[in-house]
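Take a look at the structure set out below.
Because only heavy atoms are used, hydrogens play no part in the values below, and waters and symmetry mates are left out as well, while side chains stay in.
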Amino acid sequence: MSQTEATKTTGSVDEAAAAAEAAAMGSGKQQLETYRVYVVTWNVGSRFPDNISLRQLLGLQDAKVSPEQSHHLPDIYALGLQEVNAQPQQQVLGLFKEDPWTHKAKELLRGYDYVAVKTEQMQGLLLSMFVRRRHVQHLQDIEAEYTRTGFGGIWGNKGAVSVRFTLYGCGLAFVVAHLAAHDHQLDERIEDYKQILEHHHYHVKRYREIYDHDYVFWFGDLNFRLQGGDSSMEVRELLRDEAQHEALIQRDQLFQVREKSQQAFQVLQERLPAFPPTFKFREGTSEYDLKRRPAWTDRIMYAVQPLNRQPGMQLSIEQCSYKSHPVYTISDHKPVTSDFALKLYPNVRAPGVVFSPLTLWKIGDENTVEYRKQAEFEEGPNDWIGIYPAEYASLADYAAYEYVNQAESPASSDSNHEADPFDTPAHHRRGRHHHRNRQRLRRHQEANAQEQVRLDFADDVELRHGEQYLLIYFRSTGVRGVTSLAGISAVFVAEKRHGSPHRTEYHVD
């Protein structure tokens, strides 16, 4: 699909989807509220974050920013990195634990009540998404995608990864890219961009392509350089004269192809950089390495489809800040961040499930989880319920889980080999010791078109005595598919059983 076609597609209204969305909005009056998105891009040059602080990078360096005073912090963080260490040993370790950069960001952000909701990696290209906890239950249709452009599309050293989701009635897409390098490779960068658009596809109604989304954030080491035949030393001297800055940015290749020739990225907007070029530096310093001409290779752009689906309630976005961070010296690039304010519809709610209260989980017994499906809610083919620590910092931090549909028939002898819901071999599925030849899931249709469901968890679920947990229902289409959060339970306590084993069920009148 061309950009023009994509723009036309985005402007059209899918009547069926609009009707379903309207049904999900409830009777409350529609309104727009402002939310904040914080985007980071950094080519880390295969370095690890062992001896650096991410506080300034994530806008948390202000001493006044404490967990108790964090109401003004972003609602969403998008951390996009390039040239993350992708050596074979790191690739193997990545199968069993999250990469060091995501882990370090998660451990810092958890103190401010953020949850890591999705990470996508393609070799050295990494995108990690963090969302304030209060918004997590409203995330719908989370999906990741990637496109290789290196060596004719067969190698992932260049290309793009993305994460999209729907939040409060709007589709958001975050695309981090690493395009072809070197001054003379402008045509290759334009071709990389076109290849990403051509091969990046999602499986969410109304949001099939990147530019179908209400908000798009496209960022990364895009590798655009300066036009002209200046030497590295001449460019450096021009940069020392602030009066020459605007003239230099007018010669920026990305500015030229986006604003002038419109060969690439013309759908996107960008506040022109007011910071010095972020490439190329001598590692460990803030001095330019004159082996390459300084250039604004690291960029953050955005787009909005203002009409959305609400007549008279136009969406909007503002790029509030756009800056580099020279204090970071571990690679030959400086990181770049941008803070955005955008509008969403806060009272848009998708139908889901409502868990009945569960005050106590008896460790060593089978326990029954009970929930009601709202009338408009449709199960997916791979729905599952996870047990999470009450203060979970990642959607991958579950302690145990059960698939919903697979529980309707008696457990089979090879059930230990079923796929992990997040497709991560590091997690072991807990809870497989069920009584044979007994359905573990029972359904009861109620008069109001809602359905009451009871699901048994096995007696070998390994929870910690005295600690608090909660349940999350995920609607899922399967591995590398589309995932939505459909319901989160209240917190309950896990306690060791006393006496002989027995099966316990909890019912709410």
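- Between Phe174 and Phe165, the ring center distance clears the sub-6.0 Å criterion.
- By the side chain to side chain donor-acceptor pair (under 3.5 Å) test, Glu283 pairs with Arg47, sequence neighbours left out.
- Looking only at atom types and distance, the side chain of Lys106 has no donor-acceptor partner in the side chain of Ser128 under 3.5 Å away.
- For the ring-ring contact (aromatic ring centres under 6.0 Å, His included) test, no residue two or more places apart in sequence or in another chain qualifies with Tyr146.
- The cationic atom of Arg292 (NZ for Lys, CZ for Arg) does not lie both less than 6.0 Å from the six-membered ring centre of Phe279 and within 45° of the ring axis.
- Annotation: Tyr77 is not in aromatic contact with Tyr112 [ring centroid separation under 6.0 Å not met].
- In this structure, His245 has its ring center closer than 6.0 angstrom to the ring center of Trp296.
- The aromatic ring centroids of Phe340 and Tyr215 lie 6.0 Å or more from each other.
- For Asp230, the side-chain contact (heavy atoms from CB on, under 4.5 Å) test picks out Glu234, Val235, Leu238, Arg251, Arg293, with sequence neighbours left out.
- Classification of Arg206 and Asp212 as a salt-bridged pair fails, no side-chain N sitting under 4.0 Å from a carboxylate O.
- Between Asp75 and Arg134 there is a salt bridge, since a side-chain N of the basic residue sits under 4.0 Å from a carboxylate O of the acidic one.
- Ion pair Arg240/Glu237 flagged as a salt bridge, since at least one NZ, NE, NH1 or NH2 atom sits closer than 4.0 Å to an Asp/Glu carboxylate oxygen.
- Residue Asn51 places its CG atom among 12 or fewer non-hydrogen atoms of other residues, nucleotides or ligands, all under 6.0 Å distant.
- Glu188 pairs by the side chain to side chain donor-acceptor pair (under 3.5 Å) definition with nothing, not counting sequence neighbours.
- Residues satisfying the side chain to side chain donor-acceptor pair (under 3.5 Å) criterion with Tyr328, sequence neighbours excluded, are absent altogether.
- Partners of Ser162 under the side chain to side chain donor-acceptor pair (under 3.5 Å) rule, at least two apart in sequence or in another chain, are His200, Tyr202.
- For the side chain to side chain donor-acceptor pair (under 3.5 Å) with His135, the qualifying choice from Tyr114, Tyr35, Tyr168 is Tyr168, the only one to do so.
- In this structure, the ring of Phe275 has its center less than 6.0 angstrom from the ring center of Tyr322.
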